[in-house]
Amino acid sequence: MTATASAIPTLDVERLREDFPILAETVRGKPLVYLDNAATSQKPRAVIDAVSRFYGSENANIHRGVHYLSERATVAYAGVRERVARFLNAASPREIVFTRGTTEGINLVAQSWGRSTLTAGDEILITGMEHHSNIVPWQLVAAQTGATVRAVPITDTGELDLKAFDRLLTDRTRLLAVVHLSNALGTINPVRWMISHARERGILTLVDGAQSAPHLPVDVQALDCDFYAFSGHKIFGPTGIGALYGRASLLEAMPPWQGGGDMIETVTLEQSTWAPPPARFEAGTPPIAQVIGLGAALEYVEAVGRPAIGAWEEELLAYATERVGELDGVRIIGTAREKASVLSFVVEGVHPHDVGAVLDDEGVAIRTGHHCAQPVMHRFGVPATARASFAFYNTRAEVDALVRGILRVRSIFA
Amino acid sequence: MSSLSELYQNVILEHNRSPRNYRVMDDADRKADGHNPLCGDQLTVWVRMDGDMISDVSFRGAGCAISKASASLMTGAVKGKSREEAEKLFERFHQLVTGTLPPGQSETLGKLAVFSGVSEFPIRVKCASLSWHTLKAALEGRLDGQAVGRSYGQTVGRSDGQAVGNSDGPSNGPKDGAAGPNG
């Protein structure tokens with residue numbers, strides 16, 4: 001740890017690892033080295049127990065009854081909404097909509113705000129660094145409305161071309177949708193700066209926070225974004241749950257995108273009126289146990305300490321970048337100045353899938369493929385990459401195991 | 001031998017390094033493209049027929065070691081065979097890599113038996129069979145060398161990015177959209 005980090009408490013990583021039962025597992029006879037956290041994170045006992053306790057002794061539907069369990073479930077559900085609002089520093093829990101995950105949050109904005117306001121000639125500005133989930137929803141709504149999707153290009157180091165960004169903000173741009181932390185490259189984008197430029201022109205902004213929520217400090221009021229979407233399962237919570245932050249004035253003006261129970265005020269056979277946000281955007285019985293689990297996950301992360309998590313992950317990524325970067329025949333894809341948690345690389349002459357298979361035999365779990373970011377792969381002229389992605393429970397010894405695995409790849413395919 | 005060395009046998013590594021019949025065939029009368037979105041593998045198979053016999057076969061493309069070595073060994077295995085023989089061979093090969101080949105039959109596959117280790121890695125079945133699916137498409141194609149309806153989704157909402165090999169792979173599917181055509 002550097003001297004400047006001295007004010008930040010140091011993590012006791014070995015003790016924290018004990019909170020995650022799966023980290024004690026073996027894979028193919030070797031201790032599991034889990035370096036696929038950008039795909040999904042592992043779950044601490046606190047989350048597993050919260051979900052189990054809910055089903056074991058607290059299960060009931062919410063907003064549905066006056067009985068004891070239903071009231072308790074309703075209160076717990078609302079409590080997690082407040083926790084998410086605090087986690088993102090939203091002004092009010094009414095600005096937090098529970099979703100299935102980041103993907104659904106973005107689709108919600110595209111289909112509710114986008115479909116009801118975009119018209120032919122309007123432009124949606126994304127970037128060449130986006131995950132497919134921040135590309136395809138805009139293509140869909142563009143096809144529905146006649147709007148067009150434009151993209152900010154990426155430089156050779158894997159940063160956004162900010163000069164091009166300024167040129168691409170036009171009088172026709174209605175929304176900037178940008179990833180905070182790239183899942184394929186690890187680049188931290190200057191979203192605050194980009195948002196301020198967009199807002200000067202009255203352009204709305206959406207931040208894809210799937211990777212940033214687990215790894216970076218997030219303050220939606222400081223960012224001044226209009227929408228911010230993240231997923232529970234990447235921040236040590238359950239799958240099937242996430243949240244969308246939306247500025248209150250915007251959510252209030254947006255029409256529903258799915259109809260059903262819980263999102264209405266009155267229903268007749270002829271017409272219905274909508275509940276205010278966030279209920280307006282939560283049709284049907286939500287994933288209640290998953291919401292409870294998400295609450296436990298955020299509580300856990302805050303107890304561990306987000307500054308300490310950030311400092312350790314920064315140190316770990318620097319160590320991994322140095323160790324992997326000095327290997328012969330290995331090229332790191334994505335060398336931005338500001339990076340977090342992701343190390344994408346290719347081994348010369350070896351397909352990433354073969355790299356992944358050899359590492360797997362060593363118990364090392366990484367992701368290989370296009371990372372749902374095919375435009376990024378095209379930009380760097382590779383069909384796929386191997387990607388190690390870290391969480392705070394990873395260790396230097398696990399980075400060493402990754403390096404040993406890559407050396408074995410080189411010897412097998414020499 | 002560990003499962004990994006069963007998978008990456010020396011013959012496979014050698015064919016990956018120096019694939020046979022790795023060339024564009026200018027005088028082919030059939031060709032097809034294959035694509036595996038899991039690995040990003042893409043290859044083209046060319047075939048020249050002499051009556052019902054495969055008189056020449058070649059391929060080009062980019063892919064993982066399993067898919068490249070499989071294509072290379074396939075070209076050697078089917079050259080000089082009739083279309084029916086080639087398709088029968090594919091059936092047995094498919095049984096081999098999915099672990100469903102009846103006992104005692106692997107010798108009928110000759111050199112292709114080196115792919116027996118694939119059955120331990122269900123996710124790699126697609127890699128091993130991509131070239132065979134593509135050959136089959138070429139053999140079923142028209143004589144003008146057109147690929148048979150193998151266009152890849154350019155339009156939003158289309159999910160036909162995975163042109164061949166749809167019937168392969170583990171039934172539980174890959175995780176995290178890693179392998180899905182829309183992942």
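Just so we're on the same page: letters track the sequence lines, and every chain starts at 1.
Within the 4.5 angstrom heavy-atom criterion, no atom of V382(A) approaches chain B. For A65(B), the parts sitting under 4.5 Å from any heavy atom of chain A are the backbone and the side chain alike. Proximity to chain A (any heavy atom under 4.5 Å) is restricted, for L13(B), to the side chain, taken from C-beta onward.
The shortest heavy-atom contact between A357(A) and R124(B) is CB-NH1, 3.3 Å.
Note that the CG atom of N36(B) and the NE2 atom of H353(A) stand 8.0 Å from one another [nearest 0.5 Å]. Atom CG of D361(A) sits about 10.0 Å away from atom OH of Y8(B), to the nearest 0.5 Å. Going from atom CG of D354(A) over to atom CD1 of I66(B) covers 6.5 Å, rounded to the nearest 0.5 Å. Between the CG atom in N16(B) and the CD1 atom in I412(A) there is a gap of 12.0 Å [rounded to 0.5 Å].
The local environment of CZ in R100(A) is sparse, with at most 12 non-hydrogen atoms from other residues, nucleotides or ligands closer than 6.0 Å. Within a 6.0 Å sphere centred on CG of D328(A), heavy atoms belonging to other residues, nucleotides or ligands number 12 at most. Residue E84(B) places its CD atom among 12 or fewer non-hydrogen atoms of other residues, nucleotides or ligands, all under 6.0 Å distant. Heavy-atom neighbours of K111(B) NZ from other residues, nucleotides or ligands within 6.0 Å: at or below the threshold of 12.
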